[in-house]
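See below for the structure under consideration.
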Number of protein chains: 2
Amino acid sequence: MPTIKDVAARAGVSTATVSRVLNGEKVKEETEKKVIAAIEALGYRPNHIARSLKTQKTQTIGFVVPDFGPFFMQVAEVVEDILNSYGYSLIVCNSNENPAREKERVRMLVEKQVDGLLVVPTSDTASHLREIQQDGTPVVLVDRMVKDMQVDCVLVDNVNGAYQAVEHLVTLGYRRIGLINGRLEVTTGEERYRGFLRVFEDYNLPVDEGLIRTGDFSTESGYTLMKELMGLPDPPPAVFVANYYMTIGAMLAINELGLKIPTDFALVGFDDMELTRLANPPLTAVVQPLQEMGEKAAELIYKRVGGDNTGFPQMYRLKPELVIRHSTSPFWKTKNLEVV
Amino acid sequence: MPTIKDVAARAGVSTATVSRVLNGEKVKEETEKKVIAAIEALGYRPNHIARSLKTQKTQTIGFVVPDFGPFFMQVAEVVEDILNSYGYSLIVCNSNENPAREKERVRMLVEKQVDGLLVVPTSDTASHLREIQQDGTPVVLVDRMVKDMQVDCVLVDNVNGAYQAVEHLVTLGYRRIGLINGRLEVTTGEERYRGFLRVFEDYNLPVDEGLIRTGDFSTESGYTLMKELMGLPDPPPAVFVANYYMTIGAMLAINELGLKIPTDFALVGFDDMELTRLANPPLTAVVQPLQEMGEKAAELIYKRVGGDNTGFPQMYRLKPELVIRHSTSPFWKTKNLEVV
DNA sequence: CTGAAAGCGCTAACAG
DNA sequence: CTGTTAGCGCTTTCAG
């Protein structure tokens, strides 16, 4: 591999001059030509490592996600595209929905000297993130927030998303509505729970605590909890599942039990991957703006690593949308006509 | 950030000594203690960039995948785990199933000085990969191979996978079998095509070229091609879809057309994500050993970056498995009882 | 407008 | 067993 020194020698200039043309600084046009010729002749490529050592910048952003599933990978994909277009590269790491492992991954990224960090926190306390931020690495939180930290974040309005879902069910005539939710220590779990409750409040309806289940966002827990709910002496005629993987698990359980939707009961899911549309019947679901989420996150971290701190701490609240398909129908149409 | 110099000063030793304890070389126990104390007191963390500049190693592996979907992300997940356990980190990049973009991503990784490269090639010619390999960066191909290149690779026995699927259909009594396949310039497409044909050969059956469709591995093309097949004057009573995304697309089309599986016709899909099990009915499908694929790829590249070239070029051929579920039933049971 | 020279933080001979 | 020293390849004052 040729170095800047070889280029300088070949062009008959100093390394400083080569460095200048490399960085687009002003040099005499003639000199520039010579340098460029030398670069091409030698097939020279700058050494990023050396550059980083000197400039203390790596042109790299880290992104810690809780899983490599379709939801976060779709946002990662748009983040990567945008960041690439700005000359940055992205390292995506998996925290496995595990705070200890998240800490580990974050540490690794910081040691790799990423210029900025995107993270989907796995718990609501994140002192390690605060420290990193204070040490000068911009951090932006994605999809979830943490307590006690001034930090940029791009979130979805989960209260509103859950609200729409449950309100839809109420409007259809359901009163006894089950909830399968994720951990309450993470924003999305907590907010969706609040959205659920708020509907009952606003409609002045009693909430049956016995119909609420809290899992860990995984397919397995969606499966188990749905079976639990259906195993109740008096199972709810409608269920809202507040996360994608749990929705998959719940459907698995339903299929196994041989229940028919929406005849036997109504289901509202979360997120809109192939599955939701392919299910039988296609699922009514709250869909989140993944594309926009990725865009906002990418643009924001880019701005921050560029030293622009306007609006800090910035908080985006993106709007989810309820897409009504065929897994919900009016209560009176279900077979289950018991009095509520 | 404290440097090795600060540590040396504080411990009253030279930077060389500090470097030695950092790298686990032998030093007097007492000296080691002093150094460690200084490191902890200062909260010192080695600077990877500086180290990389000196050693020409980054402890990083690049992985170029054609998409961020569940199939490749599942292998990426196991690769990351294993590599992390060896002290390496992984940068996953998306080539978007596009050769030009693949080249770009590979170049970026090489410029970032990854120690090794895992790639799922998007076409069967890959001169850029050969160059990189010759320049000394180990390359291992995953899931697909290329022509004219001596290179390690971990592949699935696709001929066999497709064979099992189609043979299953033949055994059930089907003769007119449709194929929805991916691009033939990529190994998986080409091999699955061969597997399909070989069944007809072995069973001495005529193949109807009019029932074969070639798409681009995407959900959209699976959808379009399935509709095309079903729009034929005499649509095939059984179809084998040779890739995950296309399977999704095909099912979407089937649902829209209101066709019933396996009563109206039989379907064998590829890969085994949630969808396959959740579909209605659960899909008979060829399932690939993702876990093993990730393990083999990770261990192999690790071995290579460690300078161990035994067995080069190594080729793994992992065995897929046909999982029979409910989307296929004997031909005589289908409504479509025309003579073949 | 360009060159000389001093590092960025670390490792690896080479000496002692 | 430990210290001295010379870089890795690049950027960036500071002079000229």
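Only this structure's heavy atoms are used, side chains among them; waters, hydrogens and symmetry mates stay out.
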- Query: Would you say B/Arg105 and B/Glu102 make side-chain contact, with heavy atoms under 4.5 Å?
  - Reply: no
- Item | Donor-acceptor pair (no angle test) under 3.5 Å: B/Arg20 side chain, D/dG3 base | yes
- Query: Is B/Lys5 side chain donor-acceptor paired with the C/dG9 base, going by distance under 3.5 Å alone?
  - Reply: no
- Task: Side chain of A/Tyr44 only, please: which of D/dT4, D/dC10, D/dA6 is the nearest?
- Result: D/dC10
- Quick one: A/Leu42 CG to D/dG9 P, roughly how many Å, whole number? 14 Å
- From CD1 of B/Ile4 across to P of C/dA12 the rounded distance in Å is 11 Å
- Item | Side-chain N or O of A/Ser14 closer than 4.0 Å to phosphate OP1/OP2 of C/dG3 | yes
- Task: Tell me which of B/Leu53 and A/Thr15 sits closer to the 5' end of DNA chain C, going by the nucleotide each one is nearest to.
- Result: A/Thr15
- Query: Are OP1 or OP2 of D/dC8 and a side-chain N or O of A/Asn47 less than 4.0 angstrom apart?
  - Reply: no
- Item | 5'-most by nearest nucleotide on DNA chain D - B/Lys28 or B/Gln56 | B/Lys28
- Message: Just the rounded figure in Å: distance from P of D/dT11 to CD of A/Gln59.
- Response: 11 Å
- B/Thr31 near the nucleic acid: base, sugar-phosphate alone, or nothing, with a heavy-atom cut-off under 4.0 Å? sugar-phosphate
- Is the shortest heavy-atom distance from the side chain of A/Lys147 to the side chain of A/Thr125 under 4.5 Å? no
- Query: Would you say A/Arg51 reaches D/dT11's phosphate, i.e. side-chain N/O to OP1/OP2 under 4.0 Å?
  - Reply: yes
- Indicate whether the side chain of A/Glu77 and that of B/Asn94 have a donor and an acceptor atom separated by less than 3.5 Å. yes
- Round to a whole Å and report the spacing from CG of B/Asn23 to C1' of C/dA13. 15 Å
- Query: When the distance from NE2 of B/His48 to C1' of C/dT11 is rounded to whole Å, what number comes out?
  - Reply: 14 Å
- Plane angle bin for A/Tyr88 and A/Tyr302 - parallel if under 30°, tilted between 30 and 60°, otherwise perpendicular: perpendicular
- Query: Does a side-chain N or O from A/Thr17 land closer than 4.0 Å to OP1 or OP2 of C/dG3, or not?
  - Reply: yes
- When rounded to the nearest 0.5 angstrom, what distance separates CG in A/Asp81 from CG in A/Leu90? 10.5 Å
- Using atom NZ of A/Lys57 as one end and atom C1' of D/dC10 as the other, report the distance to the nearest whole Å. 16 Å
- Query: In whole Å, what is the span from the CG atom of B/Leu22 to the C1' atom of D/dT2?
  - Reply: 16 Å
- Message: By the 4.0 Å heavy-atom rule, please label B/Val13 as base, sugar-phosphate, or nothing.
- Response: sugar-phosphate
- Query: Which part of the nucleic acid, if any, lies within contact of A/Ser19, taking any heavy atom under 4.0 Å across all strands shown: a base, the sugar-phosphate backbone alone, or nothing?
  - Reply: base
- Task: Find the distance B/Ile49:CD1 to C/dG7:C1' and express it as a whole number of Å.
- Result: 16 Å
